[in-house]
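Please read all numbers here as calculations on a predicted model, not as lab measurements. Position 1 is the first residue of the sequence, and the numbers go up from there. Order of appearance sets the numbers: ligands from 1, and atoms from 1 within every ligand.
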Amino acid sequence: MKKRVILAYSGGLDTSIIVRWLTEKGYEVITYTADVGQGEELGEIPQKAKNAGAIEAIVEDLKETFAENYCLPTLRALALYEGKYPLTAALSRPLIAERLVYYAEKFKADYVAHGSTGKGNDQVRFELSVWALNPDIEVLAPVREWEFRSREEQVEYARKFNIPVKATKEKPYSIDRNLWGVSIECGPLEDPWQEPPEDAYQITNPPEKAPDEPEYITVGFKEGKPVSLNGETYEEQHKLIQKLNEIGGRHGAGRIDMVENRLVGIKSREIYEAPGAMILYEAYRDLLSLVLDRFTFHYFLTHIPHEYAKLVYEGLWFTPLREALDAFTGEIAKLATGEVRIKLYKGSIQVVGRRSPNSLYVEELATYSEKDQFDQIAGKHFTKVWGLPLKVLGRVKRKK
Ligand code: ARG
């Protein structure tokens, strides 16, 4: 019996070559393609896959699953890898892996395959996720071991097997795009001192060419879930995110340029565009600052965003740790109902207003006007007790 493999297939040249290569190696290839909001027409994918040698091609719309089950928990954790990267590419891998395993079981395949290289993070994310879900499935990564030494050799191979190679001059970038944002690397970006060329950016206007008038938007949350934009309710999360990408992108918002630490020890320069995600992060953080008491808010900020980002980045999605952190942020999210007003202008995302039925802001306590109800004498006694350790310290120091 032929060995059967489910391949994560983008429809691009690289994964088409993989279909052929695996077929030549004696595998029966079934391709799997997910729509996670990469903004491409997927209608021709099955034909492309079959032309390359696949016996079957699956295409699935996962936009809402991705938004609900992956983007939303990450937003609730305010997770940013190394303080900057909203994990766009990293988040789609466990979801795709989950579906690969599902179809491997359904079609009785012992193998799944992906097109990631041996230098990146994605191989780790794919493989750890697959093993967590089904440790008996073997993962193949042809790019790590095939014989091609250059782009030219791959193109030659593609031509030999009638895999269409676009005549248009290819952009030098490697781009991964989904609903949550775009990741761009390679080419001129490999010089970390050089400003990214404008043609590297895919979904955002350059801030200097963004509208000269600021735009105000209001994002509504219900129990930690973004549900409305400017008063209009969105039943589907992914549509709201897409709308925010469009508006934010117009204003040049959500561009990120960073050098990051990959899992395999390499530092890499990468740029990201995540207007929708960054708008939601700013909004959600601000809403939490209004509805959480100081103790809970500080605990959250100290312990969750960095840890959550690391686990997503490092391929640990399918762990009890992630589930436990989701339980924590889910508990907090119950309080996060309200609206946040945001001003978008020339690349900046600025929160300018917030309100909530759960707001802990008490004007009579905060005000410096005659409405003030705060007991200032209590402040005197509080300061005395709070400052006692420093008084003791000072005394001992001066004695020496
Ligand atoms: N560096 C990012 C990560 O590891 C993005 C990698 C995605 N690939 C790309 N072609 N930019 O999550």
Side-chain angles (χ1 to χ4, degrees), residues 8-18 33-34 36-40 66 70-71 73-75 77 79-97 114-129 141-144 151 154 170-192 194 196-197 199-204 245 254-278 281 305-318 322:
Y9 181 66
S10 72
L13 180 60
D14 292 317
T15 46
S16 296
I17 294 175
I18 294 175
T33 309
V36 283
Q38 58 270 52
E40 281 166 25
F66 183 53
Y70 290 80
C71 303
T74 306
L75 167 67
L80 294 172
Y81 183 65
E82 295 184 339
K84 290 180 89 167
Y85 166 42
L87 300 156
T88 51
L91 271 180
S92 70
R93 304 311 181 215
L95 172 58
I96 294 168
H114 61 74
S116 305
T117 75
K119 293 178 72 169
N121 299 311
D122 287 328
Q123 57 179 340
V124 182
R125 298 170 185 145
F126 273 124
E127 291 175 42
L128 270 59
S129 300
V143 176
R144 287 196 300 226
R151 195 74 195 150
Q154 287 173 35
E170 240 187 290
K171 281 200 181 160
Y173 308 107
S174 158
I175 297 168
D176 185 278
R177 178 171 165 189
N178 64 44
L179 199 56
W180 206 231
V182 190
S183 318
I184 310 135
E185 59 185 350
C186 299
L189 301 173
E190 286 175 0
D191 175 359
Q194 198 186 318
D199 73 341
Y201 290 103
Q202 308 297 310
I203 61 165
T204 53
N245 277 336
R255 288 185 170 192
I256 297 149
D257 178 343
M258 72 188 282
V259 172
E260 74 192 41
N261 285 293
R262 280 194 205 159
L263 269 160
V264 294
I266 301 171
K267 281 195 192 290
S268 82
R269 196 287 188 91
E270 188 128 12
I271 61 173
Y272 300 101
E273 300 172 276
M278 294 321 291
Y281 271 66
H306 177 64
E307 286 303 323
Y308 202 95
K310 254 166 63 89
L311 84 81
V312 174
Y313 193 87
E314 294 174 353
L316 308 177
W317 184 265
F318 294 108
R322 199 260 308 156

Of all the heavy-atom pairs spanning Asn245 and Ala277, show the shortest one and how long it is.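 Taking every non-hydrogen atom into account, OD1-N, 4.4 Å.
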Could you report the tightest heavy-atom contact between Ala90 and Tyr313, atom names first, then the distance?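 Answer, listing the atom of Ala90 first, then Tyr313: CB-CA, 4.4 Å.
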Extract all N/O-N/O pairs under 3.5 Å that connect ligand 1 to the protein, and present each with both atom names and the distance rounded to 0.1 Å.
residue, atom, partner, partner atom, Å
ligand 1, 1 (N), Glu260, OE2, 2.7
ligand 1, 1 (N), Glu270, OE1, 2.8
ligand 1, 1 (N), Tyr272, OH, 3.1
ligand 1, 4 (O), Asn121, ND2, 2.7
ligand 1, 4 (O), Arg125, NH1, 3.2
ligand 1, 4 (O), Arg125, NH2, 3.0
ligand 1, 10 (N), Ser174, O, 3.3
ligand 1, 10 (N), Ser174, OG, 2.5
ligand 1, 11 (N), Ser183, O, 3.4
ligand 1, 11 (N), Glu270, OE2, 2.6
ligand 1, 12 (O), Tyr85, OH, 2.6
ligand 1, 12 (O), Arg125, NH1, 2.9
ligand 1, 12 (O), Arg125, NH2, 3.0

Does a side-chain N-to-carboxylate-O contact under 4.0 Å join Lys267 and Glu185?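 Salt bridge between Lys267 and Glu185, a charged N being under 4.0 Å from a carboxylate O: no.
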Can a side-chain donor-acceptor contact be found between Tyr81 and Asn261 if the only test is distance below 3.5 angstrom?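 No.
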Kindly determine whether Tyr70 and Trp317 satisfy ring-ring contact (aromatic ring centres under 6.0 Å, His included), including the steps that lead there. CA-CA 9 Å; Tyr70 290 80; Trp317 184 265; 4.7 Å; yes
Applying ring-ring contact (aromatic ring centres under 6.0 Å, His included), can you list everything that pairs with Tyr201, at least two apart in sequence or on another chain?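 Tyr201: no ring-ring contact (aromatic ring centres under 6.0 Å, His included) contacts found.
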